[in-house]
Amino acid sequence: MKFEHVVCPLCGCLCDDLELIVERNEVISTKNACALSRSMFLNLNADLAKPLIEGKETGIEACVDKAIGIISKADYPLVYGLASTESNAQRKAVELAELLGGAIDSTSSICHGPTVLGVQMMGEVTCTLGTIMNQADLVVFWGSNPVDAHPRHLTRYSLTPRGLFTPRGRKGRRMIVVDVRETKSSKLADRFIQLKPGTDFEALSSLRALIKGEKIDIDPELKELAEEMKSCEFGALLFGQGLTMSNGKNMNVNAALALVRDLNQHTKFAILPMRGHYNVTGADMVFTWQTGYPFAIDFSLGYPRYGPGEFSVVDLLSRKEVDVALIIASDPVSSLPAQASSYLSEIDTIVIDPNRSMTSEIARVVIPTARAGISAEGTAYRMDGVPIRLKKVLKSPYPSDYEVLCKIVNGVIDGRSKDS
Amino acid sequence: MEDLKIVNGIVYDPLNGIDGERLDIHVSGGKIAERAKAQRVIDVKGMVVMPGGVDIHSHIAGPKINMGRRLRPENHRTAPVPKTDVTRAGVGGGLSSTFVTGYRYAAMGYTTVMEPAVPPLMARHAHEELNDIPMVDKGCYVLMGNNEYIISHIHELNKVENYVKWLLNAAKGYAIKAVNPCGSDNWKWGENVHGLGEKGVKFDATPKEMITTLSEVNKRLKLPHPLHLHTIDLGVPGNYETTLETLEMLKGKRAHLTHLQFNCYGGSSWKDLSSEAGGIAEKVNDSKITVDSGQVIFGDVTTMTADAPWQYRLYRLSGNKWVNNDVEVECGGGIVPYRYRKKNSVNATQWAIGLELLLMIEDPWRVYLSTDNPNGGSFTSYPYIIKLLMDKKFRKEELSTLHQNASSTSLPDIDREYTLGEIATITRGATAKSLGLKNKGHLGVGADADIAIYPLKEDIAKMFSKASYVIKDGDLVVGKGKIISEKYGKTFMLDFKEKVEPDPDVREFFKYYTVDIENYPVEMAYLPRYEAIKCG
Ligand SMILES: [Zn+2]
């Protein structure tokens, strides 16, 4: 059976033009998929999670009941992850954290959290990816390596496509890469500027000064870059974790946001974060519309409080403040610093995930689910905020993340009404 | 749901010509009924009974308001809203979270709210948020005034008609919205348009052509609500001339000019900005146009509009943080926090103009109350505005605390005071009528049983800020200004009676999008409860 216009639930590009051939509930071939995506689709059955309690396989109902029991007794639970699931599951996860008086955080806090903090200070001059395709004659990738991390970004959105006002495609566009090391992306660039590690803030601030017409003694390459940025017709600065997770973090992002904002006194310029997990943007969106805040939220007082550095996952775990962790569609053991992730094996950790992971290895309860975008429908938000409907192409014996979370929420409520 | 009988109330139901009569209202099966075998009788002796409020223009859901929320944690910190046994937690400053938005509208007796500016590419997002707003029915208007397809087919009316119909259906929208037509598109290159006849830097269409095309298409499609227009040159000193020209151009036609206050300025700079509300009101009186006021409220606000070049201008004026987002081939938008100050001559004049419009446009069926929430202020300020309209003494007291320039408008000389019947008109009867929602805004047999019951109080603002009872689709949901049961309303969409297919060249046009046309239309899964209103 052939599925067309399939949306890829892998990275923040959310390419929606895939074709899949499915036979006997397996993807046997893909069209238009990048290497990362193809490998994901062709290996969907590898490493599937099984329903486990204390490492022993059991039925999914028993796992959900066990999870409800643990969660209901929690003093201060953490709900975490949610970057690789759809928005209904994210909505239900917020409801659960609120109901429990716990904390909720997404992987935003370990990738583009600094971006959010920067935006909250400065604002953000941005655009959708199609605006870059249609208008940009200059694209600057800063601390970002799309060839490896977002393989089709350059061909679908930012470098080669021909758009409404960019009929010449690649020929009409300059690509600049600023990074601390050579990458596959820097090799494609018309200009590569290699920075010393830890000097992003300085470079961005210098560019801003140059654009304001100040005379400073600086690397001539940066001077030329400033000139190019000022004189393009429509520019875009796309930045990755090379900027957000290097020395300076949100100060780097502030400098980039300010630079792009000020460029708009000379031309049109936009800035976009290159977000990784396919729906980490959705987690920001859902948390924000339900609570006002995008990540690192605490409900222990009955209302949402915002506290990056206080209620964010690394801090709550490192300070051993939570007694139960509910991990949804995420693998913190592989991605968090050891002093935070090691605590997960000391407390009651429950994992809701279609796949086995390092976290599911240490969890007390593992609840396998139907994978969003493969075996469950739902909404995902692209890195530029465009909402796209995920498709269901394979059947799964398990319920979706959303369905499991509904059961848990209802179970907690039922338990309370029995108690009272 | 049980049947209800509401007895002894003083009823204001302007659509049915009822102006303060003691009448009993019967509710059965969620509708107003001739007679109900009610087990439950609510005695509202001495209270005022009105249809549930209908807000025609309030930014409550979608990418812009959510970006505003994300931008301003400082705005939420002072306004936490705890969960209760029946309600969700959230925040309630000027950018309230979705749940709190629904609760606050309901507490004021509002039961229908329209989100007025949705980029079609982001419509799914708007619907997701609408689904998280409890207590009210809702719908959304679709941004079209800067759409590249329409711009490039501006003289091909049949094509535009087909496309607009397809787009409304794809976005599951309720009305056509145009914001700074052509100006926001020109902003994609850092420019704006000034005057109705100016062309863009990269295209041939003019604002005048865009407005007339969309209003003609609106008429051909027999849409329930007229073209909803945020016209050009908004916020600019001296813009009243463009506004008069726009009104002249639309004379005899159906159109709704939104937050008109921002388009009534005389003068040539911020220093000599003055009110031209009188001339504008006269022109409106002389037309078929409907308007909403766009009152400004003193204090901190977050401005957000699809008028991206205006937002840039406001950023440059204020130096505050600035968000801009250009949406491929459709529109753009901006966000800037702002503070309206009593002692600022421009802000004080803006405040006066909003009231002048409401008081000088004679027919309450054609001028509606709004703050362009959250732009001019929060929707929670409506009771304060109602008090200003009903109480000239209060109005004069407020005026005396403002910069003197507010007193050089005609406001000090206006003695008109709104009656309760007129308030019911501008906040529910007339707005429901303008929206073409036949089961809303009145208490006639067959109408949706959305009912607001207010305590008759000396202080009008207090009376309208906390309804004694609110009934939504026949269920009692508010008691003494508090939510007593949570309930989710429906979303209004349009019924075109036939399948709507895009023209082949719309498919061709999608090469300028980064989303496939097959993945573009909003699925019905996003409207779990809906009512499709027939066009025609
Ligand atoms: Zn508005």
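Given the structure is predicted, the values throughout are model-derived calculations rather than measurements. Letters A, B, ... mirror the listed sequences (proteins, then strands); counts begin at 1.
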* Side-chain donor-acceptor pair under 3.5 Å between B/K188 and A/N134, yes or no? -> no

* Asked: With distance as the sole criterion, is a donor-acceptor pair present between the side chains of A/H5 and B/D516 under 3.5 Å?
  -> yes

* **Contact class of B/Y312 relative to chain A, heavy atoms under 4.5 angstrom** => side chain

* Structure fact -> For B/M122 and A/G385, the nearest pair of non-hydrogen atoms, with its separation, is SD-O, 3.6 Å

* Check each atom of B/P73 against the heavy atoms of chain A and say whether the ones under 4.5 Å are side chain, backbone, both or neither. => both

* **Residue A/V94 versus chain B: region with a heavy atom under 4.5 Å** => both

* To do: Considering only heavy atoms and a distance below 4.5 Å, find which of B/G90, B/A123, B/G68, B/A525 pairs most often with chain A.
  => B/G90

* Would you check, one step at a time, whether the test side chain to side chain contact (heavy atoms under 4.5 Å, CB included) holds for B/M67 with A/E124? => CA-CA 10 Å; B/M67 186 62 215; A/E124 176 185 32; 3.3 Å; yes

* Asked: Can you find a pair of side-chain heavy atoms, one from A/M121 and one from B/K321, that are under 4.5 Å apart?
  -> no

* For side chain to side chain contact (heavy atoms under 4.5 Å, CB included), just list the numbers for A/M133 and B/Y513, CA-CA rounded to whole Å, side-chain angles, deciding distance to a tenth of an Å, and then say yes or no. => CA-CA 9 Å; A/M133 172 181 85; B/Y513 273 104; 5.9 Å; no

* To do: Could you check which of A/R156, A/M285, A/K391 has the highest count of heavy-atom pairs closer than 4.5 Å to chain B?
  => A/M285

* How many angstroms lie between NZ in B/K202 and CG in A/L164, if you round to the nearest 0.5 Å? -> 9.5 Å

* Asked: Donor-acceptor pair, B/R70 side chain versus A/Y293 backbone, under 3.5 Å?
  -> no

* To do: Give the member of B/T98, B/V522, B/I65 that has the highest number of heavy-atom pairs under 4.5 Å with chain A.
  => B/T98

* **Choice from B/Y315, B/W189, B/F99 maximising heavy atom contacts with chain A below 4.5 Å** => B/W189

* Any donor-acceptor pair under 3.5 Å linking the side chain of B/D326 with the backbone of A/C127? -> no

* Structure fact -> Closest heavy-atom pair, B/S97 versus A/G292, reported as atoms and distance to 0.1 Å, is CB-N, 4.3 Å

* Mind checking whether A/R91 and B/D132 have side chains closer than 4.5 Å, heavy atoms only? -> yes

* Exercise: do A/Y306 and B/E74 side chains pair donor with acceptor under 3.5 Å -> no

* Using non-hydrogen atoms and a 4.5 Å limit, figure out which bit of B/E128 sits close to chain A: side chain, backbone, both or neither. => both

* To do: Kindly give the heavy-atom pair with the smallest separation between A/G302 and B/A89, and that separation in Å.
  => O-CB, 3.4 Å

* To do: Please determine, among B/R316, B/E330, B/R72, the option with the most heavy-atom pairs under 4.5 Å with chain A.
  => B/R316

* Near B/K482 NZ, under 6.0 Å, is it more than 12 heavy atoms from other residues, nucleotides or ligands? -> no

* Asked: What distance separates B/N519 CG from A/D16 CG, expressed to the nearest 0.5 Å?
  -> 4.5 Å

* Structure fact -> chain A shares the most heavy-atom pairs under 4.5 Å, among B/V91, B/N75, B/V336, B/N325, with B/N325

* To do: Spell out the residues in residues 76-85 of chain B that have some non-hydrogen atom less than 4.5 Å away from a non-hydrogen atom of chain A, in order of number; otherwise answer 'none'.
  => B/H76, B/R77, B/P80, B/V81, B/P82, B/K83

* To do: For side chain to side chain contact (heavy atoms under 4.5 Å, CB included), just list the numbers for A/R162 and B/Y512, CA-CA rounded to whole Å, side-chain angles, deciding distance to a tenth of an Å, and then say yes or no.
  => CA-CA 8 Å; A/R162 295 161 200 272; B/Y512 304 127; over 6 Å; no

* Structure fact -> CZ of B/R69 to OG1 of A/T291, rounded to nearest 0.5 Å, is 9.5 Å

* Structure fact -> Okay, B/Y520 and chain A: the region with an atom under 4.5 Å from a heavy atom over there is neither

* Structure fact -> Under 4.5 Å to a heavy atom of chain A? For B/L121 that would be both

* Do A/Q290 and B/E129 pass the side chain to side chain contact (heavy atoms under 4.5 Å, CB included) test, and can you show the C-alpha distance, the side-chain angles, and the key distance before you say yes or no? -> CA-CA 9 Å; A/Q290 292 205 344; B/E129 284 196 33; over 6 Å; no

* Would you mind telling me which of A/R305, A/Q265, A/E377 has the largest number of heavy-atom pairs within less than 4.5 Å of chain B? => A/Q265

* Asked: Taking atom CZ of A/F3 as the centre, does the number of heavy atoms from other residues, nucleotides or ligands within less than 6.0 Å exceed 12?
  -> yes

* Can you tell which part of A/R382 gets under 4.5 Å to a heavy atom of chain B, answering side chain, backbone, both or neither? => side chain

* Spacing of A/D384 atom CG and B/E328 atom CD [to the nearest 0.5 Å] -> 7.0 Å

* Asked: When rounded to the nearest 0.5 angstrom, what is the spacing between CG in B/N131 and CH2 in A/W289?
  -> 9.0 Å

* Do B/V323 and A/V125 have side chains that get closer than 4.5 Å, going by heavy atoms? -> no

* Can you say whether A/F299 sits under 4.5 Å from chain B via the side chain, the backbone, both, or neither, judging by heavy atoms? -> side chain

* Structure fact -> Ranked by heavy-atom pairs below 4.5 Å to chain B, first place among A/V7, A/D284, A/T128, A/T166 goes to A/T128

* **Within-4.5 Å side-chain heavy-atom neighbours: A/M122 and B/W322** => no

* **CZ-CG distance between A/F269 and B/N324, expressed to the nearest 0.5 angstrom** => 14.0 Å

